[in-house]
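Inspection log for the structure reproduced underneath, given as structure tokens.
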2 protein chains.
Amino acid sequence: MSAELKAMLKAGLSTAEMASRAGEVANLLKTLSHPARLMIVCTLVEGSYSVGELEEKLDLHQPHLSQHLTVLRGSGIVETRREGKQIFYSLTEEKAAQLVAALYEIFCVENQK
Amino acid sequence: MSAELKAMLKAGLSTAEMASRAGEVANLLKTLSHPARLMIVCTLVEGSYSVGELEEKLDLHQPHLSQHLTVLRGSGIVETRREGKQIFYSLTEEKAAQLVAALYEIFCVENQK
DNA sequence: GAATCAATATATAATATATTATAACGTATC
DNA sequence: GATACGTTATAATATATTATATATTGATTC
């Protein structure tokens, strides 16, 4: 680990403070820790999509997709807007978006050291 | 979402490429998506600790802690070194450390906009 | 060098939670 | 009221969590 990172974190939270956030953070991670949900969220980073569009793009059966969307809604990670018969999903402007960006940088941007 | 982020991600991976990584990333997230394991990993960012030290610091029963450590070892997030009767755990120098740093920045550093 | 103790790991089993498929239901439009 | 688009309910299966009990490994003492 880098000395910088170490120093940054060492100066940080107490165990008690850490514990008080661990639950919240762990819940968010749990919500994102399913391949389908991760794909959904990553897709929504590009913009909003209807359920049908997600279904096609991600090749998931419709009720299965809808169930995952329900989980994401429950965690406040996504929000919906209705447009006629269709329902469009988009990312909530929150920590989840930051997390996805971080995940993207860590896992999807090639090492350019 | 910021336009920068959006642009960054839009230029990124195809759905197929994304899918090929979703499994790996989701597994890592799943491993970290438990409050106790998250606390363990966050603690190890400070440096290496023996099981006994972690037990006291995090107030977990020994077998319970050991079970979580086993999960973290299985995912390659931590590694061990033996010193006499004690076993010291430390973070593996990998993506997990980056992720924890990102989580820390997102959730533990106060908004300094 | 066998008995013992301290530190940690593993096995077992009970319970809870998540995943997935299928089927039934709601809601908007025509 | 029929059709398109989504959601929710139900139920079967799989996986995770947790507690308790047992095993392993290294150090110590006799």
Side-chain angles (χ1 to χ4, degrees), chain A residues 19 22-41 43-44 47-92 96, chain B residues 19 22-41 43-44 47-92 96:
Chain A
E24 176 202 354
V25 177
N27 270 334
L28 175 57
L29 293 181
K30 192 189 294 181
T31 301
L32 294 178
S33 73
H34 187 287
R37 288 195 294 269
L38 198 53
M39 295 272 300
I40 292 168
V41 171
T43 300
L44 291 180
S48 78
Y49 284 89
S50 72
V51 176
E53 288 170 337
L54 289 172
E55 192 181 340
E56 186 185 356
K57 200 166 165 62
L58 303 180
D59 194 31
L60 292 171
H61 291 147
Q62 192 271 320
H64 191 191
L65 171 58
S66 193
Q67 283 160 350
H68 285 306
L69 289 172
T70 299
V71 173
L72 290 170
R73 253 186 290 123
S75 299
I77 293 176
V78 300
E79 58 191 3
T80 59
R81 81 171 191 281
R82 177 147 223 152
E83 212 164 278
K85 278 179 290 190
Q86 304 190 102
I87 294 180
F88 285 84
Y89 278 81
S90 53
L91 283 188
T92 300
Chain B
E24 177 202 353
V25 177
N27 270 334
L28 175 56
L29 293 181
K30 191 189 294 183
T31 301
L32 294 177
S33 73
H34 186 288
R37 288 196 293 269
L38 198 52
M39 294 273 299
I40 292 168
V41 171
T43 300
L44 292 179
S48 78
Y49 283 89
S50 72
V51 176
E53 288 170 337
L54 288 172
E55 193 180 339
E56 186 185 356
K57 200 166 165 59
L58 302 179
D59 194 31
L60 292 172
H61 291 146
Q62 187 272 319
H64 191 190
L65 172 57
S66 194
Q67 283 161 351
H68 285 306
L69 289 171
T70 298
V71 173
L72 290 170
R73 252 187 292 124
S75 298
I77 293 177
V78 301
E79 59 192 2
T80 58
R81 81 172 191 280
R82 177 146 225 154
E83 211 163 280
K85 278 179 291 192
Q86 305 190 100
I87 293 179
F88 286 83
Y89 277 82
S90 54
L91 283 187
T92 301

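In what follows, chains are A, B, ... by sequence order, proteins preceding strands, each numbered from 1.
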Q) Arg73(A) has an atom CZ; how far is it from atom C1' of dT7(D), in whole Å? A) 8 Å
Q: Find out whether Leu60(B) and Leu54(B) are in side-chain contact, i.e. whether some heavy atom of one side chain is under 4.5 Å from a heavy atom of the other.
A: no
Q) dT17(D) P sits how many Å from Leu60(B) CG, rounded? A) 13 Å
(Q) I need the CG-C1' distance between Leu65(B) and dT20(D), as an integer number of Å. (A) 16 Å
Q.
Below the 4.0 Å mark, does dC5(D) have OP1 or OP2 next to a side-chain nitrogen or oxygen of Arg82(A)?
A. no
Q) Once you round it to whole Å, what is the distance between P of dT15(D) and CG of Leu29(B)? A) 19 Å
Q | Atom-to-atom span, OH of Tyr89(A) to P of dC5(D) - whole angstrom | A | 15 Å
Q. What's the CD-P distance between Glu53(B) and dT8(C), to the nearest Å?
A. 8 Å
(Q) Whether Thr70(A) contacts dT8(D) is assessed here as follows: a side-chain N or O lying under 4.0 Å from the phosphate OP1 or OP2. Is that the case? (A) yes
Q) What orientation do His34(A) and His64(A) show, parallel under 30°, tilted 30 to 60°, or perpendicular over 60°? A) perpendicular
Q.
Using side-chain heavy atoms (C-beta onward) and a distance below 4.5 Å, is Leu44(B) in contact with Ile77(B)?
A. no
Q) Has His34(A) got a side-chain N or O lying under 4.0 Å from the OP1 or OP2 atom of dA18(C)? A) no
Q) Counting side-chain heavy atoms from C-beta on, which of dA21(C), dT8(C), dA19(D) comes nearest to Gln67(A)? A) dA21(C)
Q) Nearest to the side chain of Lys85(B), which nucleotide is it out of dT10(C), dG26(D), dA19(D)? A) dG26(D)
Q) Should we count CD of Glu56(B) as having more than 12 external heavy atoms under 6.0 Å? A) no
Q) Which whole-number value in Å describes the distance from Phe88(B) CZ to dG26(D) P? A) 15 Å
(Q) At less than 4.0 Å, is any side-chain N or O atom of His61(B) found next to OP1 or OP2 of dT18(D)? Yes or no. (A) no
Q) Rounded to whole angstroms, how far apart are CG on Asn27(B) and C1' on dT15(D)? A) 12 Å
Q | Under 4.0 angstrom between Arg37(A) side-chain N/O and dT20(C) OP1 or OP2 | A | no
Q) So, is His68(B) close to the dT18(D) phosphate, meaning a side-chain N or O under 4.0 Å from OP1 or OP2? A) yes
Q: Counting heavy atoms from C-beta on, name the nucleotide in dG6(D), dT8(C), dT8(D) closest to the side chain of Gln86(A).
A: dG6(D)
Q. Could you walk me through whether Ile40(B) and Leu65(B) pass the side-chain contact (heavy atoms from CB on, under 4.5 Å) check?
A. CA-CA 9 Å; Ile40(B) 292 168; Leu65(B) 172 57; 3.6 Å; yes
Q: Find which nucleotide of DNA chain C each of Gly84(A) and His64(A) is nearest to by heavy atoms, and output the residue with the more 5' nucleotide.
A: His64(A)
